[in-house]
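Working notes, beginning with the structure itself.
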Amino acid sequence: MLQIYNSLTRKKEPFEPIDPANVRMYVCGMTVYDYCHIGHARVLVVFDMVNRYLRHLYGENHVTYVRNITDIDDKIIQRAQESHEPFTRLTERFIDAMHEDAEALGVLPPDEEPRATLSMEQIIEMIQTLLDKGYAYTAQNGDVYYDVSRFSSYGKLSGKRLEELRAGERVAVDEAKEDPLDFVLWKAAKPGEPCWESPWGKGRPGWHIECSAMSTHCLGCHFDIHGGGLDLQFPHHENEIAQSEAATGCKFVNYWMHNGFVRVDDEKMSKSLGNFFTIREVLKRYDPEVVRYFILASHYRSPLNYSDRNLDGAKAALTTLYTALRELPAGAEVHEAAEEARRFHEALSDDFNTPEAMAVLFELARDINRLRSAGDVERASGQGALLRHLAALLGLLQRPPQRFLQGKSGESGGLSDQEIERLVAARNQARAEKRWVEADRIRDELKKEGVILEDSGGKTSWRRE
RNA sequence: GGCUGGGUGGCAGAGUGGUUAUGCAGCGGCCUGCAAAGCCGUGUACCUCGGUUCGACUCCGGGCCCAGCCUCCA
């Protein structure tokens with residue numbers, strides 16, 4: 001039985017889908033005004049893993065995964081003005097970049113990827129409903145605000161009480177608001193800003209309303225899982241609950257999931273702090289699968305500390321796994337009932353405990369190596385098939401081992417595969433003639449070029465460092 | 001100030017009321033022409049002070065420290 005830590009109740013709960021034939025999950029995606037950083041990579045990868053596991057449990061066609069794109073907001077407008085281009089050109093560029101990054105990280109596309117600018121009808125409709133029901137008001141300046149005092153359970157998700165929030169208020173209060181905690185649903189357009197027609201004049205949606213409108217439109221007023229980064233818990237998700245439940249009159253989400261932050265030097269990585277690494281920057285130095293491994297090697301709710309040292313560790317670990325899979329005959333049958341499979345699923349079922357699941361993968365790798373040494377290639381292959389089968393749920397170990405171990409040909413301007421093969425052949429000739437000095441000279445030469453040789457079982461294999 | 005979450009071996013990172021996480025690095029051994037890879041073995045690890053208990057790193061309470069949210073942020 002899958003257990004999920006629910007941010008709303010602050011405890012692990014058994015996961016019971018509303019409709020097992022259609023498990024529904026919505027995740028807050030990117031605001032596309034810049035390249036994605038490693039924090040975004042974490043959301044993409046973590047919920048991709050959740051998506052994969054739900055599909056494993058409920059069936060490929062019985063899960064609907066929606067991840068939105070926020071393609072209109074203040075920062076987008078500001079950036080577009082700075083670069084003197086239409087905001088849509090800016091957002092298209094970064095949406096393409098995001099899709100490239102996601103694909104590189106092995107993130108499966110969501111079933112639906114709604115965009116704010118393409119959901120105006122639903123957004124305006126929801127705001128109108130909130131006005132009609134008395135949960136919102138129009139201000140003098142043409143903005144429409146949500147009246148927080150009308151929603152009695154406001155603060156439930158983030159564990160805050162209205163009085164505390166008011167006491168802690170430390171932001172210049174927009175004078176148009178009746179209460180500092182009220183938040184904007186519709187922003188009246190200033191001259192020159194992108195805008196849409198609405199019953200309240202030209203303007204654009206506030207940040208929170210789009211997710212309420214898009215999620216309920218795609219998944220219905222009540223769905224199973226809503227996810228996102230921990231920083232969205234308040235106020236974004238709190239406001240989503242207030243908007244959605246007030247508008248639809250039904251419970252919004254059963255399970256709230258929040259992934260922890262990525263840190264650099266023990267400080268949160270964020271755009272506002274400027275201490276972020278973009279995915280594409282990191283991918284210039286590390287294989288995407290190494291980045292994915294690094295992300296899943298920590299539990300999704302824990303902090304994840306970004307450093308070269310940790311990425312190097314991830315690379316070494318992944319190398320160990322792929323090395324175990326090297327040269328195993330393919331096509332062996334997977335024994336789903338194996339003890340390792342049971343423990344692997346037990347780990348993932350416990351609030352997606354990927355580190356513990358990964359420990360099982362290493363035990364399989366060791367078993368493969370033992371069996372191979374013992375000459376039992378058949379059983380080794382079986383364990384290899386199981387290893388790949390289980391790792392697939394994490395989106396790992398799906399490439400031919402050689403492709404991971406040997407890297408891309410000509411990468412970073414080193415020796416080509418052909419040149420390496422030629423040197424290996426020359427060395428093996430020398431070895432056959434017991435010219436050890438020459439053989440070792442070639443091996444050292446390759447080592448300098450970042451190529452490691454391994455002689456075993458009468459064969460020499462090589463890999464790039 | 002209010003509210004969350006956390007402090008595990010050299011590093012990373014799970015977990016458990018009493019018995020090996022796992023990975024990386026280190027050390028010893030096997031294998032190897034020598035290496036590498038692999039295998040076997042190996043490390044006074046659980047912030048602090050009390051309490052509960054036959055027994056706590058694991059439960060409870062105080063303290064210290066760290067991070068996050070309370071403002072845009074995945």
Side-chain angles (χ1 to χ4, degrees), chain A residues 7 10 27-31 33-34 36-47 73-75 155 158-161 163-172 180-181 207 227-236 238 258-263 266-273 276 293-294 297-299 301-305 307 309-321 323-324 326 343 347 350 353-363 365-374 405 431 434-437 439-440 443-444 447 452-457 460-463:
Chain A
S7 303
R10 286 179 200 78
V27 170
C28 288
M30 302 329 136
T31 300
Y33 66 92
D34 206 342
C36 292
H37 57 61
I38 297 296
H40 297 114
R42 191 176 196 189
V43 183
L44 290 169
V45 168
V46 161
F47 286 101
D73 90 322
D74 291 356
K75 279 180 178 150
S158 49
K160 297 175 190 314
R161 283 172 295 160
E163 315 84 74
E164 286 163 357
L165 284 167
R166 292 205 172 90
E169 186 66 48
R170 57 187 164 96
V171 132
L181 294 177
W207 174 39
L230 191 58
D231 45 1
L232 296 184
Q233 189 173 23
F234 187 89
H236 185 59
E238 195 72 71
H258 294 99
N259 64 274
F261 295 123
V262 176
R263 294 191 204 170
D266 279 330
E267 204 176 34
K268 176 185 167 185
M269 178 186 289
S270 78
K271 288 184 179 175
S272 43
L273 289 171
F276 61 91
Y293 179 97
F294 163 68
S298 296
H299 184 83
R301 285 190 281 117
S302 303
L304 180 65
N305 210 36
S307 71
R309 185 177 186 158
N310 290 346
L311 267 296
D312 289 340
K315 182 181 177 178
L318 203 48
T319 299
T320 299
L321 293 174
T323 300
R326 190 166 57 181
R343 284 202 293 131
D350 182 12
N353 193 334
T354 51
E356 196 165 316
M358 280 158 121
V360 177
L361 300 185
F362 283 95
E363 286 167 28
R366 190 168 55 217
D367 204 31
I368 290 165
N369 290 329
R370 275 199 216 110
L371 289 164
R372 184 169 23 213
S373 308
L405 296 169
R431 290 177 71 218
K434 298 199 190 307
R435 293 178 358 245
W436 305 126
V437 175
D440 291 352
R443 187 170 62 199
D444 290 346
K447 177 85 170 72
I452 312 283
L453 298 191
E454 288 159 9
D455 303 323
S456 67
T460 300
S461 41
W462 61 271
R463 63 186 164 92

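The chains referred to below are lettered A, B, ... by the order of the sequence lines, with proteins before strands, and numbering in each begins at 1.
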Roughly how many Å apart are [M] and [N], using the [atom1] atom of each and rounding to a whole number?
N	M	atom1	value
B:C57	B:G9	C1'	12 Å
B:G61	B:C24	P	39 Å
B:C49	B:G13	P	26 Å
B:G15	B:C59	P	12 Å
B:C70	B:C27	P	47 Å
B:C60	B:A45	P	25 Å
B:C40	B:C31	P	16 Å
B:U44	B:G38	C1'	30 Å

For [X], report the nucleic acid contact type (base, sugar-phosphate, nothing); a contact means any heavy atom under 4.0 Å.
X	answer
A:Lys447	nothing
A:Glu363	sugar-phosphate
A:Val262	base
A:Arg431	base
A:Gly260	base
A:Leu453	base
A:Arg309	sugar-phosphate
A:Thr320	sugar-phosphate
A:Lys271	sugar-phosphate
A:Asp440	base
A:Arg161	nothing
A:Ser272	base
A:Gly39	base
A:Asp455	base

Could you please name the option among [options] that lies closest to any side-chain atom of [X]?
X	options	value
A:Arg10	B:G38, B:G68, B:G5	B:G5
A:Met30	B:A37, B:A74, B:C72	B:A74
A:Glu454	B:C70, B:A36, B:U22	B:A36
A:Arg366	B:C72, B:U22, B:G33	B:U22

Measure [atom1]/[X] against [atom2]/[N] and give the value in whole Å, please.
X	N	atom1	atom2	answer
A:Ile452	B:C34	CD1	C1'	15 Å
A:Phe294	B:C24	CZ	P	17 Å
A:Asp73	B:C72	CG	C1'	9 Å
A:Lys268	B:A67	NZ	C1'	11 Å
A:Arg443	B:A36	CZ	P	8 Å
A:Leu321	B:A37	CG	P	15 Å
A:Asp231	B:G5	CG	P	17 Å
A:Asp312	B:C24	CG	P	13 Å

Could you pull out all residues at least two apart from [X] that satisfy side-chain hydrogen bond (donor to acceptor under 3.5 Å, both in side chains)?
X	result
A:Asn369	A:Arg372
A:Arg343	A:Glu363
A:Thr320	none

Taking atom CZ of A:Arg161 as the centre, report whether more than 12 heavy atoms of other residues, nucleotides or ligands fall under 6.0 Å from it.
no
Can you tell me the Watson-Crick or wobble partner of [N], both distances under 3.5 angstrom?
N	answer
B:U58	none
B:U16	none
B:C69	B:G2
B:C24	B:G10
B:C39	B:G29

Strictly under 4.0 angstrom, non-hydrogen atoms only: write out the protein contact profile of nucleotides 12-17 of chain B, one letter per nucleotide from the 5' end, B, S or -.
SSSS--
Closest-nucleotide 5' rank along RNA chain B - winner of A:Arg326 and A:Phe261
A:Arg326
Closest nucleotide of RNA chain B for A:Arg343 versus for A:Ser456: which of these residues is on the 5' side?
A:Arg343
For a 4.5 angstrom cut-off between non-hydrogen side-chain atoms, does [X] reach [Y]?
X	Y	value
A:Met269	A:Arg42	no
A:Val262	A:Phe276	no
A:Asp34	A:Lys75	no

Considering only heavy atoms and no angle criterion, is a donor-acceptor pair shorter than 3.5 Å present between the side chain of A:Lys160 and the base of B:C3?
no
Would you say the side-chain atoms of A:Asp350 pair up with the backbone N or O of A:Asn353, donor to acceptor, closer than 3.5 Å?
no
Has A:Arg370 got a side-chain N or O lying under 4.0 Å from the OP1 or OP2 atom of B:C40?
yes
Between A:Val43 and A:Val27 the two heavy atoms that sit nearest each other are CG1-CG1, 3.9 Å
Over all heavy atoms of both residues, which pair between A:Ser298 and A:Thr354 is shortest? Give the atoms and the distance, please.
O-OG1, 3.5 Å
Taking 5.5 Å and 30° as the limits, would you call A:Trp436 and the base of B:G33 a stacked pair?
yes
For A:His236, ring pair (Phe, Tyr, Trp, His ring centres under 6.0 Å) partners two or more places apart:
A:Trp207, A:His208
For A:His40, enumerate each residue passing the ring pair (Phe, Tyr, Trp, His ring centres under 6.0 Å) test, keeping only those at least two apart in sequence or located in another chain.
A:His37
